[in-house]
Amino acid sequence: MNTATPTPAPDDVSAPQDQVVVLQTSFGQIVIQLDNFAAPKTCDNFRKLVSDGFYSHTTFHRVIPNFIIQGGDPNSKSDNRNSYGQGGPNYTVPAEIKLKHDRGAVAMARLPDSINPQRESNGSQFYICAAPCPSLDDQYTVFGHVIKGMDVVAKIANQPRDKRDDPLSRIEMEVSLESKGKALEDNSSVSP
């Protein structure tokens with residue numbers, strides 16, 4: 001008979017429904033609430049990549065004011081800026097297109113319909129809407145929403161950029177899972 005006592009979970013990690021994703025950047029912190037009901041496969045994939053450290057030192061490689069900031073490409077860890085936006089974990093995630101692209105929506109990037117008629121999501125690249133983006137509705141999987149840090153999203157979206165919308169200075173992220181309570185302890189900049 002095994003009488004070992006289970007090891008308690010760390011204080012900063014809880015059940016998936018109580019977890020949030022925290023993006024730490026040089027401009028501040030962005031906290032994302034995942035929507036496990038609208039996009040369960042996408043959320044499970046994103047959570048796994050975060051847990052595996054996949055996003056560590058990736059950058060926001062595409063920034064467009066009043067539109068989106070995009071990141072999550074492992075190619076952005078290199079200095080070859082021409083490869084940014086082309087990488088991923090070598091798989092796609094089935095489309096779970098249900099939610100709208102409101103301000104603060106978090107969605108997965110994907111290849112165009114001409115080569116991806118099922119609208120499957122890139123395995124890792126995601127974007128955050130800096131403003132409402134109704135032109136993207138019904139085309140991409142929205143799987144979460146920023147609940148803190150839209151001021152940080154706006155700062156990143158307004159950084160000087162090149163003709164490919166890549167910021168002139170690297171904007172790296174460290175990404176972690178935390179309990180919602182811990183991530184929102186300082187709720188002075190909680191997004192509406």
Side-chain angles (χ1 to χ4, degrees), residues 9-36 39 42-64 68-81 83-91 93 104-109 121-130 141-161 165-191:
D11 291 338
D12 63 341
V13 179
S14 53
Q17 65 271 17
D18 297 326
Q19 290 177 334
V20 292
V21 176
V22 178
L23 308 178
Q24 187 65 49
T25 74
S26 58
F27 293 95
Q29 194 175 77
I30 301 167
V31 179
I32 299 168
Q33 177 73 59
L34 301 179
D35 192 326
N36 297 300
T42 305
C43 290
D44 285 349
N45 177 66
F46 198 75
R47 201 177 286 107
K48 179 186 181 325
L49 293 176
V50 171
S51 295
D52 291 349
F54 183 92
Y55 292 113
S56 291
H57 303 291
T58 60
T59 68
F60 284 103
H61 63 272
R62 185 175 178 221
V63 299
I64 304 172
I68 60 122
I69 61 174
Q70 183 172 329
D73 180 354
N75 291 353
S76 70
K77 294 179 183 183
S78 78
D79 293 328
N80 181 3
R81 295 167 67 93
S83 71
Y84 294 5
Q86 299 173 28
N90 297 317
Y91 61 82
V93 179
V106 183
M108 295 302 289
S121 298
N122 179 285
S124 65
Q125 290 188 48
F126 65 95
Y127 58 91
I128 301 172
C129 296
T141 298
V142 174
F143 66 100
H145 203 273
V146 173
I147 58 172
K148 178 181 173 185
M150 282 304 296
D151 56 328
V152 177
V153 172
K155 288 176 193 172
I156 293 170
N158 285 293
Q159 290 306 298
R161 62 196 198 278
D165 296 317
D166 187 12
L168 298 180
S169 298
R170 288 180 63 83
I171 304 172
E172 286 191 14
M173 64 180 95
E174 285 297 326
V175 186
S176 61
L177 292 171
E178 293 184 13
S179 70
K180 187 174 183 178
K182 179 179 179 193
L184 296 179
E185 280 177 357
D186 171 20
N187 54 10
S188 59
S189 64
V190 173
S191 298

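Position 1 is the first residue of the sequence, and the numbers go up from there.
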Would you say K180 and I147 make side-chain contact, with heavy atoms under 4.5 Å? yes

Shortest non-hydrogen contact from V20 toward A183: CG2-CB, 3.5 Å

For D79, what residues pass the side-chain hydrogen bond (donor to acceptor under 3.5 Å, both in side chains) criterion, not counting sequence neighbours? none

What's the shortest heavy-atom distance between N122 and P89, and which atoms? OD1-CD, 4.4 Å

Before giving the answer on side chain to side chain contact (heavy atoms under 4.5 Å, CB included), spell out for I171 and Q159 the whole-Å C-alpha distance, their side-chain angles and the decisive distance to 0.1 Å. CA-CA 9 Å; I171 304 172; Q159 290 306 298; 3.8 Å; yes

Measure the spacing between OG of S179 and CG of L184 and express it to the nearest 0.5 Å. 8.5 Å

To the nearest 0.5 Å, tell me how far H61 NE2 sits from D73 CG. 5.0 Å

L23 and F126: side chain to side chain contact (heavy atoms under 4.5 Å, CB included), yes or no, with the steps? CA-CA 12 Å; L23 308 178; F126 65 95; 4.2 Å; yes

Sorted by chain and residue number, the side-chain hydrogen bond (donor to acceptor under 3.5 Å, both in side chains) partners of T58 (sequence neighbours excluded) come out as none

Are F54 and F46 close enough that their ring centres sit under 6.0 Å apart? no

Nearest 0.5 Å please: distance from the CE atom of M150 over to the CD1 atom of I128. 7.5 Å

Hey, could you give me the SG/NZ distance between C43 and K48, rounded to the nearest 0.5 Å? 15.5 Å

Verify side chain to side chain contact (heavy atoms under 4.5 Å, CB included) between V21 and L177, making sure each step is shown before the conclusion. CA-CA 5 Å; V21 176; L177 292 171; 3.8 Å; yes

Nearest 0.5 Å, please: how far is CD in E185 from CD in E178? 8.5 Å

Locate the shortest heavy-atom distance separating G72 from S124; write the atom from each residue and the value. O-OG, 2.9 Å

Check ring pair (Phe, Tyr, Trp, His ring centres under 6.0 Å) between F60 and all other residues, then give those that pass, not counting sequence neighbours. none

Report yes if the side chains of Q19 and L34 come closer than 4.5 Å at any heavy-atom pair, otherwise no. no

Are the side chain of D35 and the backbone N or O of H145 linked by a donor-acceptor pair below 3.5 Å? no

Ignoring hydrogens and angles, state whether a donor on the side chain of E172 or H57 is under 3.5 Å from an acceptor on the partner side chain. yes

Within 6.0 Å of CG in N90, more than 12 heavy atoms from elsewhere: no

I69 and its side-chain contact (heavy atoms from CB on, under 4.5 Å) partner, picked from D165, N158, V152, V63: V63

Rounded to the nearest 0.5 Å, what separation is found between the CE atom of M108 and the CZ atom of F143? 5.5 Å

Any donor-acceptor N/O pair, R170 side chain to S76 backbone, under 3.5 Å: yes

Shortest non-hydrogen pair, E174 vs S56, comes out as OE1-OG, 3.2 Å

